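Before any comments, here is the structure.
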Amino acid sequence: MKIEHVAIWVKDLEKMKHFYETYFHVEASDKYHNKKKEFESYFLTFDASARLEIMRKTGIDKTSTTKHLGWAHIAISLGDRDYVDQMTARLKKDGYPLVNGPRVTGDGYYESVIEDPEGNLIELTV
């Protein structure tokens with residue numbers, strides 16, 4: 001078994017697509033648009049064939065502002081520590097908030113955590 005894809009609701013579909021294409025070299029599918037349901041999405045495919053679906057729907061526009069149960073972050077393996085450092089520096093320079101790192105965690109991961117354009121957490125790891 002494997003995870004086929006994960007999905008996330010977004011406010012600005014095109015901005016989020018551009019972010020993942022720019023920094024993570026994903027390949028985006030054609031946009032799916034269901035006019036009746038007022039739903040749009042893209043599937044973003046990473047090199048290793050994992051996919052992230054970004055979705056927008058009229059009426060889903062509130063972001064939780066408190067801690068909650070549910071998905072916490074997406075982790076993207078960059079392959080080595082130097083690339084984690086470089087990507088962290090690039091994202092920080094480009095104005096994306098750095099939550100923490102780069103650092104070695106208590107369980108031995110080398111990582112940093114940044115926020116995407118809509119505040120979702122992305123863990124950059126080896």
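Heavy-atom basis, side chains included; hydrogens, waters and symmetry copies ignored. As the structure is a computational prediction, the values presented were derived from the model and not from experiment.
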Got a sec, which residues hit side-chain hydrogen bond (donor to acceptor under 3.5 Å, both in side chains) with [X], two or more places apart in sequence or on another chain?
X	result
His33	none
Asp82	none
Asn100	Arg103
Thr88	Ser112

Using side chain to side chain contact (heavy atoms under 4.5 Å, CB included) as the criterion, list what pairs up with [X], not counting sequence neighbours.
X	result
Tyr32	Asn34, Phe39, Ser41
Pro97	Glu115
Ala75	His73, Glu123
Asp107	Thr105, Tyr109

Less than 4.5 Å apart, side chain to side chain, heavy atoms only: is that true for [X] and [Y]?
X	Y	value
Ile114	Leu98	yes
Leu124	Phe24	yes
Val104	Arg81	yes
His18	Asp12	no
Tyr110	Asp85	yes
Ile8	Asn120	yes

> Going by side-chain heavy atoms closer than 4.5 Å, which hydrophobic residues are tied to Leu121, directly or by a chain of links?
Replying inline: Val99, Val113
> Can you list the residues that meet the salt bridge (Lys or Arg N to Asp or Glu O under 4.0 Å) rule with Glu14, with sequence neighbours excluded?
Replying inline: Lys31
> Mind checking what makes salt bridge (Lys or Arg N to Asp or Glu O under 4.0 Å) contact with Glu38, not counting sequence neighbours?
Replying inline: none
> Is Met87 reachable from Phe46 through a run of hydrophobic residues whose side-chain heavy atoms are each under 4.5 Å from the next?
Replying inline: yes
Taking every non-hydrogen atom, the tightest pair across [X] and [Y]:
X	Y	answer
Lys11	Glu118	N-OE1, 2.8 Å
Lys17	Ile54	N-CD1, 3.6 Å
Leu13	Met55	CD1-N, 4.0 Å
Val26	Glu21	CG2-N, 3.7 Å

> Got a second to check how far Thr125's OG1 is from Ile76's CD1, nearest 0.5 Å?
Replying inline: 11.0 Å
>> Quick check for you: to the nearest 0.5 Å, what is the distance between Leu91 atom CG and Ile122 atom CD1?
In response: 7.5 Å
> Ser77 side chain to Val126 main-chain N or O, any donor-acceptor pair under 3.5 Å?
Replying inline: yes
> Does Lys57 NZ have over 12 foreign heavy atoms under 6.0 Å away?
Replying inline: yes
> Can you tell me if CD on Glu27 sees more than 12 non-hydrogen neighbours from other groups inside 6.0 Å?
Replying inline: no
>> With ring-ring contact (aromatic ring centres under 6.0 Å, His included) as the rule and sequence neighbours excluded, what pairs involving residues 78-98 come up?
In response: Phe19-Tyr96, Tyr23-Tyr96
